[in-house]
Every structure is written in C-alpha cells, then in structure tokens.
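For reference, positions follow the sequence shown, starting with 1.
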Amino acid sequence: MTSSNLERWTDDRLDALTASTQSLLAATQANTKAIKRLINNQLSMQTLHGQVAEQSLQLKRTVDYLLSKDGGQS
C-alpha cells in the first residue's frame with residue numbers, strides 16, 4: 001500500500017467512524033427522549049391511580065354512610 005493509498009484508506013475509515021458515531025449519538029438522543037416520555041407517562045399514571053383510589057374510597061364511605069342511614073329500608 002502506498003502512502004497515498006494508506007492515507008485515503010485512513011480518511012475513509014475515519015469518515016465511516018464519524019458517520020457511525022453521529023448515527024449512534026442520534027439514536028441515543030432519540031431513545032433518551034422516548035425514555036423521558038415513558039417516565040413522565042408513568043408518573044402521570046401513578047398520580048391518576050392515586051386519585052382514582054382516593055375517589056373510590058370516598059365513594060365507598062358515602063355509600064356505607066347512606067346505607068347506614070337507610071337502616072336497610074327500601
């Protein structure tokens with residue numbers, strides 16, 4: 001391999017490595033955004049779950065109270 005061919009081969013390899021690195025960086029950034037969205041969605045779901053649980057408990061208490069006031073009469 002001549003010096004010129006070796007230099008061209010090295011430049012080509014560096015260009016390919018640069019392109020691969022840029023592609024990997026872009027994929028990593030996209031995955032990071034997707035993971036952040038998933039985390040935010042999970043936190044939102046946990047908040048909603050807590051709210052539903054609280055409202056269900058309030059509804060149960062209300063029904064229990066109304067049934068106790070009714071005394072079993074229909």
Side-chain angles (χ1 to χ4, degrees):
M1 208 181 258
T2 66
S3 176
S4 175
N5 286 341
L6 181 59
E7 186 176 317
R8 190 173 331 126
W9 182 85
T10 302
D11 287 346
D12 289 346
R13 296 318 253 154
L14 287 174
D15 289 345
L17 182 58
T18 299
S20 293
T21 303
Q22 289 172 342
S23 176
L24 181 59
L25 177 61
T28 300
Q29 288 171 336
N31 286 339
T32 300
K33 286 181 184 178
I35 289 169
K36 285 180 181 180
R37 279 194 311 272
L38 287 172
I39 290 170
N40 286 336
N41 289 341
Q42 179 67 28
L43 292 173
S44 295
M45 290 298 293
Q46 288 175 344
T47 299
L48 289 173
H49 177 74
Q51 290 172 348
V52 168
E54 184 179 324
Q55 290 174 354
S56 296
L57 183 59
Q58 287 176 345
L59 178 60
K60 182 189 178 312
R61 287 180 182 153
T62 300
V63 169
D64 289 346
Y65 172 77
L66 291 174
L67 288 174
S68 72
K69 285 296 185 182
D70 183 35
Q73 300 172 8
S74 297

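Screening residues 48-66 for side chain to side chain donor-acceptor pair (under 3.5 Å), with sequence neighbours left out, gives Lys60-Asp64.
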Identify each donor-acceptor pair in which a side-chain atom of residues 37-48 lies under 3.5 Å from a protein atom, sequence neighbours left out, and give them as a table.
{"unit_1": "Asn40", "atom_1": "ND2", "unit_2": "Lys36", "atom_2": "O", "d": "3.4"}
{"unit_1": "Asn41", "atom_1": "ND2", "unit_2": "Arg37", "atom_2": "O", "d": "3.3"}
{"unit_1": "Ser44", "atom_1": "OG", "unit_2": "Asn40", "atom_2": "O", "d": "3.1"}
{"unit_1": "Thr47", "atom_1": "OG1", "unit_2": "Leu43", "atom_2": "O", "d": "3.0"}

Self-check item: Working for side chain to side chain contact (heavy atoms under 4.5 Å, CB included), residues Leu66 and Lys69
Solution: CA-CA 5 Å; Leu66 291 174; Lys69 285 296 185 182; 5.5 Å; no

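We find the CG-OG1 distance between Asp15 and Thr10 to be 11.0 Å, quoted to the nearest 0.5 Å.
For Thr28, the side-chain contact (heavy atoms from CB on, under 4.5 Å) criterion is met by Leu24, Thr32, not counting sequence neighbours.
Counting heavy atoms from C-beta on, the side chains of Leu25 and Thr21 never come closer than 4.5 Å.
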